[in-house]
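The structure under discussion appears below in the form of structure tokens.
Side chains included, hydrogens not; waters and symmetry mates left out as well; all remaining heavy atoms used.
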Amino acid sequence: RLPGMIEAENYDKGGQNIAYYDRSPGVNKGGAYRKDCIDIWPMGKNYYVGSINAGEWLEYTVNAGYTGSYRLDFRVATPNSGAKIQVLLDGKAVCTVNVPNTGAWNQYQTKTATANLTAGQHVLQFKFIQGGVNFDSVFID
């Protein structure tokens, strides 16, 4: 329910081309949390999704508590420049998050975008336009 936190590793169930798209299917390179092909690593008591390539995406079914503008605070890390995450709401692009070089794979920063949502159930898709980023979570308020 939104407002609320979405942990990267808690994407929808359903598999390749349904709940996610992974360009290197077959194995979870991080070996943590789930048994599908999304690469999930442990981070303390939590997890993050890594080894993200351009064109990959993850979907999350959410319930928006109200109609209005929501702030999306993405927790991301990368030693690369130019990473981008496109946010789609029910299949339509609503915003893009530019992820700058944070200094290291484990040096997380919060990057913010805004999107308008109507009250009720929706599918949010996070599409990685430019990869090379670790994705921990997004707080939507």
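In summary, the side chains of N46 and Y33 do not present any donor paired with an acceptor at a separation below 3.5 Å, with no hydrogens or angles considered.
When atom types are taken as modelled, the side chain of N134 and the backbone of W105 share a donor-acceptor pair closer than 3.5 angstrom. The backbone N or O of E56 sits nowhere less than 3.5 Å from a side-chain atom of R23 that would complete a donor-acceptor pair. At distances below 3.5 Å, at least one donor-acceptor pair connects side-chain atoms of Y60 with backbone N or O atoms of A8. Judged purely by atom type and a 3.5 angstrom limit, T102 uses its side chain to pair as donor or acceptor with the backbone of Q107. Here the side chain of T78 pairs a donor or acceptor atom with the backbone of G132 at under 3.5 angstrom.
Cation-pi check for R34 over Y47 is not met; the charged atom does not lie both under 6.0 angstrom from the ring centroid and within 45 degrees of its normal.
Of all non-hydrogen atoms in Y48 and P42, the two that sit nearest each other are CE2-O, 3.9 Å. Between L117 and A64, the closest heavy-atom pair is CD2-CB, 4.1 Å. For the residue pair A83 and G131, the shortest heavy atom distance occurs at CB-O, 3.9 Å. Taking each heavy atom of G65 and R1 in turn, the nearest pair found is CA-NH2, 3.6 Å. Closest approach of A115 and V94 over heavy atoms only: CB-CG2, 3.8 Å.
Applying the salt bridge (Lys or Arg N to Asp or Glu O under 4.0 Å) rule to pairs touching residues 59-87 yields R71-D73, sequence neighbours excluded.
Between I40 and K29 the shortest side-chain heavy-atom distance does not fall below 4.5 Å. Side-chain contact between V62 and Y70: absent, with no pair of heavy atoms (C-beta onward) separated by less than 4.5 Å. Within the 4.5 Å cutoff, the side chain of N98 has no heavy atoms near those of the K111 side chain.
There is no path of hydrophobic side-chain contacts, each under 4.5 Å, that joins V27 to V49. There is a path of hydrophobic side-chain contacts, each under 4.5 Å, that joins F74 to L2. Residues Y21 and L88 fall into different hydrophobic clusters, defined by Ile, Leu, Val, Met, Phe, Trp and Tyr side chains chained together at heavy-atom separations under 4.5 Å. No continuous path of ILVMFWY side-chain contacts below 4.5 Å connects W41 to I38, so the two sit in separate hydrophobic clusters. The hydrophobic clustering, which links ILVMFWY residues whose side-chain heavy atoms are closer than 4.5 Å, places I52 and V76 together.
A side-chain contact (heavy atoms from CB on, under 4.5 Å) with V87 is found for one member of T114, I140, L124 and no other, namely L124. Considering V133, I129, I85 in turn, I85 is the only one that fulfils the side-chain contact (heavy atoms from CB on, under 4.5 Å) rule with V97.
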Take S24 and D22 through the test side-chain hydrogen bond (donor to acceptor under 3.5 Å, both in side chains) and record every step on the way to the result. CA-CA 5 Å; S24 56; D22 188 277; 3.2 Å; yes
Going through the checks in order, is the ring pair (Phe, Tyr, Trp, His ring centres under 6.0 Å) test met by Y11 and F126? CA-CA 10 Å; Y11 49 88; F126 303 141; over 10 Å; no
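Expressed to the nearest 0.5 Å, how far NZ of K127 lies from CG of L58 amounts to 12.5 Å.
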